[in-house]
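What follows is a short report on a single structure.
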Amino acid sequence: MATREISRKRHRSFSDRFHTMLAVDFRRMFTMPMFYIMSGIAVVIPILILVMTTAVSGSQESSMTFTSAWQMIGSLSTDSSAMMDMTSMCNINLLYFMAAVLVCCFVAGDFQSGYAKNLFTVRSKRDEYAISKMIVCFFASALLIPLFFVGTVLGAAIAGLPFTMVGFHIGNLVMCLLAKILLMGVFVSIYIVASVAARQRLWLSIIIALMVGMFMFMIIPMMTPLDATILHVILCLAGSALFGIGLSRASTMILRKASVV
């Protein structure tokens with residue numbers, strides 16, 4: 001009975017600590033000016049791109065011409081040539097680079113302000129810190145995708161672009177967006193590792209995160225095409241789960257072996 005009671009107390013203690021840390025991280029994220037700056041940019045970027053490229057293509061020949069609103073979201077899996085053109089790069093996939101800046105700023109702020117040092121001095125639970133950061137950063141980064149979608153609809157309406165769906169349907173579009181949200185977990189996990197490795201050196205964490213993001217950029221249109229199916233969603237979910245578990249442990253090991261200052 002005594003052993004069972006001790007186990008319950010330890011479980012409650014872990015649960016209380018983690019929930020408290022998670023609540024603090026959510027509050028810190030959603031009071032951070034950078035999050036709202038990135039949210040505003042996510043809405044404005046598709047509007048500017050669609051309106052400006054439509055105006056340019058209307059007056060002269062342009063190498064980057066959007067003929068449909070959905071090109072800002074992705075390309076068809078059967079259209080392999082579209083994965084290398086400018087329209088496939090200047091679209092919603094830019095958010096994966098914006099997420100790198102958001103995550104790095106958030107984590108570096110913990111080390112620059114001394115919050116991480118105080119936290120580990122009192123609790124020294126590096127694994128809870130890494131998991132909490134991944135959950136909060138994934139949630140905040142994933143919110144950028146529906147905001148970009150809203151900006152795409154507004155920009156296409158202003159530019160007069162058609163919303164016709166050729167080669168896919170509304171179900172595919174929903175699966176595409178869901179796959180992009182889930183795939184964000186893979187990138188966020190990598191950005192967390194880069195951030196805890198660089199600690200208070202924000203510039204270094206951003207450089208590492210962007211370099212890795214550029215290296216992995218081509219998997220985004222492959223894993224999240226416009227004609228995505230439930231299989232793409234499952235693969236993105238599995239990838240995020242595997243990367244999240246593996247890289248959270250890597251982040252914990254880095255935090256345990258490296259100085260937090």
Next item on the list: Please determine if Lys117 and Asp110 form a salt bridge, counting it only when a charged side-chain N lies under 4.0 Å from a carboxylate O.
Entry: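 Asp110 and Lys117: not salt-bridged.
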Next item on the list: Would you check if the distance from the ring center of Phe26 to the ring center of Phe139 is below 6.0 Å?
Entry: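 So the answer is yes for these two rings.
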Checklist line | Proximity of Phe217 and Tyr96 rings by center, below 6.0 Å | finding: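 No: the rings miss the under 6.0 Å criterion.
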Item checked: Check: Asp25/Ser132 side-chain N/O donor and acceptor closer than 3.5 Å -> yes
Could you measure the distance from the [atom1] atom of [X] to the [atom2] atom of [Y]? Nearest 0.5 Å is fine.
{"X": "Met29", "Y": "Lys133", "atom1": "CE", "atom2": "NZ", "result": "8.5 Å"}
{"X": "Leu94", "Y": "Ile220", "atom1": "CG", "atom2": "CD1", "result": "9.0 Å"}
{"X": "His19", "Y": "Glu128", "atom1": "NE2", "atom2": "CD", "result": "10.5 Å"}
{"X": "Phe215", "Y": "Leu210", "atom1": "CZ", "atom2": "CG", "result": "15.0 Å"}
{"X": "His169", "Y": "Leu226", "atom1": "NE2", "atom2": "CG", "result": "11.5 Å"}
{"X": "Tyr129", "Y": "Leu255", "atom1": "OH", "atom2": "CG", "result": "7.0 Å"}

Under a 4.5 Å cut-off applied to non-hydrogen side-chain atoms, are [X] and [Y] in contact?
{"X": "Met184", "Y": "Ile181", "value": "no"}
{"X": "Leu173", "Y": "Ile73", "value": "yes"}
{"X": "Asn93", "Y": "Pro221", "value": "yes"}
{"X": "Cys137", "Y": "Leu102", "value": "no"}
{"X": "Ile92", "Y": "Leu177", "value": "yes"}
{"X": "Gln71", "Y": "Asn91", "value": "no"}
{"X": "Leu247", "Y": "Ile192", "value": "no"}
{"X": "Arg201", "Y": "Ser205", "value": "no"}

Check: Does CE belonging to Met211 count more than 12 external heavy atoms closer than 6.0 Å?
Finding: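 No, not enclosed.
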Margin query: Holding to side chain to side chain contact (heavy atoms under 4.5 Å, CB included), I want the full list of residues that pass it with Leu154, two or more places apart in sequence or in another chain.
Written below: Ile47, Val150
Notebook entry, point to check: How is the hydrophobic cluster of Met175 composed, in terms of its other members, when Ile, Leu, Val, Met, Phe, Trp and Tyr link through side-chain heavy atoms under 4.5 Å apart, directly or indirectly?
Noted result: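 Leu178, Leu182, Ile230, Val233, Ile234, Leu237, which link up through side-chain heavy atoms under 4.5 Å apart, make up the rest of the cluster.
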Next item on the list: May I ask you to decide if the ring planes of Phe187 and Tyr191 are parallel, tilted or perpendicular, using 30° and 60° as cut-offs?
Entry: tilted
Next item on the list: Look at the aromatic rings of Phe149 and Trp70 and report parallel, tilted or perpendicular, splitting at 30° and 60°.
Entry: parallel
Item checked: Identified side-chain hydrogen bond (donor to acceptor under 3.5 Å, both in side chains) partner of Ser77 from the options Asn172, Asp227, Thr229 ->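 For Ser77, the side-chain hydrogen bond (donor to acceptor under 3.5 Å, both in side chains) check succeeds only for Asp227.
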